[in-house]
Amino acid sequence: MECVVQGIIETQHVDALETLLQGLCGAPKERLRVHELCLKSGPNLGVVPSEVRILCDLAPPSPSWTVRHVGGAMRGAGAEQISVLVRTVVESKVSNAALRFFYALGYKLDHELLKVGFAFRFHRGAHITVTVTSANKMPKLHATEEAVPITPSIQMVEIMAPAAADNYNEVASSVTCFLRIFGPAVTSLKTGGFYWDCSYGSRCCCLSHVK
Amino acid sequence: MTVKWLMHWQPNPGTSLSSQILTEACQCVEALGGTKDGRWKSSLTFYRPMTRDSSAAASAASSASAAAAAAEHPRDFLGLALQEQPNKYFFILRTHRIIVEADASIQNVMEKLQSYKARVVLNFEGSQYQLGDFQLRVGKCVPNQAESLRGIMMEVEYLPLSSIEKSRQVLEEFFDIWQEAVSKKSLPGHFMHIESNYADFGLQDHYTSQHTAVQYGNCMAQLIAAVRN
């Protein structure tokens with residue numbers, strides 16, 4: 001499981017956000033360069049249609065692979081009390097044959113992205129990771145070197161923390177506490193308004209410039 | 001990492017497996033000077049596709065959709081959990097010559113996907129022995145929650161080397177000594193080692209657990225073929 005809050009920020013404010021996060025997190029910045037391939041089950045395979053993500057971390061000198069399954073968001077009265085998105089996530093490090101393996105099993109490539117940006121990992125009540133990434137599309141299949149931003153002026157901000165069935169309330173509280181500091185601090189950068197609305201199912205926080 | 005040879009018992013035509021053969025094989029190891037230093041337990045799982053049109057999948061006879069489904073995805077693949085690497089899991093897809101090494105949590109991913117289901121689990125249970133530079137594991141292959149004997153397996157691991165080619169001669173010599181020791185027991189069959197073409201799976205000369213997975217895949221294919229014959 002994981003607790004997650006997603007938002008967006010204008011690219012022109014990313015440098016300021018990075019400086020802010022450096023101060024808030026007290027952790028070194030990590031470079032992110034992840035090739036994400038989203039596969040969907042072919043027709044007739046599986047009790048229900050399924051989706052799996054194959055992630056290739058291109059930041060280290062030798063790429064590493066991860067298989068990730070993202071489940072549905074927690075719903076119900078309990079979920080309504082929590083101000084972050086709680087969802088099931090299962091992932092596993094895999095060898096580089098994983099993509100061929102899932103193709104052979106009958107999964108088809110739905111889309112692929114190259115996410116480029118940075119991350120801060122730190123512990124504040126929970127192991128929190130903040131990522132700021134731009135999503136890039138490839139003009140040709142798997143051509144990560146030729147990737148171009150899908151939304152050049154906007155980048156994605158995600159605040160995530162791993163959780164379990166017996167502690168997601170505490171983890172959600174830790175993420176919320178961090179957001180209480182993070183939100184006003186972003187506003188103080190004069191990036192514009194900070195806005196996040198608990199009424200949205202996706203628990204989005206919007207870090208965009210508001211005139 | 002060391003180099004390992006997987007061997008299985010091939011019964012003579014018209015004879016069947018019995019636990020007595022396993023007892024005799026263990027006695028052979030001890031007669032060669034092997035000392036027991038633990039238990040051995042690994043498991044192999046057969047994953048089969050779950051299809052939305054289950055009736056078509058069940059009767060592959062004339063249904064065009066079943067034929068199409070079969071062309072789209074394999075009839076089965078194997079999952080292997082090795083005792084020496086409890087945090088790892090291996091998938092073996094022999095028809096496509098693919099081996100995947102993963103964290104053990106990949107089993108949860110497969111469960112969530114609900115596209116392939118773990119149908120049959122075979123356990124390899126037995127004893128582990130130390131014999132000089134060799135580590136031997138001898139055991140039976142039995143289905144999960146059943147006692148019926150499906151095979152007798154043996155792992156021979158040569159500890160000092162990790163090059164398959166460099167260790168070949170030593171393992172061949174060990175195999176000859178082993179066959180001679182077993183033949184003295186006049187048992188109705190013999191141990192077999194299937195030579196695996198690791199390059200087909202994109203594996204190099206440096207031995208890894210993925211090589212072990214290839215051997216398990218080949219060995220299972222052999223055992224299944226023997227049962228059909």
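What you see is a predicted model; the values in this text were computed from it and never measured. Basis for what follows: all heavy atoms, side chains included, without hydrogens, waters or symmetry-related copies.
Contact tally against chain B (heavy-atom pairs below 4.5 Å) for A/T88, A/L45, A/V90, A/N96: the top residue is A/L45. Ranked by heavy-atom pairs under 4.5 Å with chain B, the list A/G106, A/S50, A/S41 is led by A/S50.
Contacts between residues 131-144 of chain B and chain A, counted as heavy-atom pairs separated by less than 4.5 Å, involve no residue at all.
A distance of 6.0 Å or more separates the ring centres of A/F102 and B/F91.
Between B/W178 and B/F174, the angle of the ring planes stays under 30°, which puts this pair in the parallel group of the 30/60° scheme.
Residue B/R48 does not touch chain A at all, counting heavy-atom pairs closer than 4.5 Å. Contacts between B/L113 and chain A at a heavy-atom distance below 4.5 Å involve backbone atoms as well as side-chain atoms.
Salt bridge A/E145/A/R33: present, at least one basic N to carboxylate O contact under 4.0 Å. B/E84 and B/K4 are joined by a salt bridge, as a carboxylate oxygen and a charged side-chain nitrogen come within less than 4.0 angstrom of each other. Salt-bridge annotation for A/E18 and A/R31: absent, with no side-chain N of the basic residue lying under 4.0 Å from a carboxylate O of the acidic one.
When only modelled atom types and interatomic distance are considered, B/E111 and B/Y116 share no side-chain donor-acceptor pair under 3.5 Å. Side-chain atoms of B/T212 and B/Y207 include a donor-acceptor pair closer than 3.5 Å.
Shown here are the side-chain contact (heavy atoms from CB on, under 4.5 Å) partners of B/Q107, two or more places apart in sequence or in another chain: B/Y47, B/Y89, B/A104.
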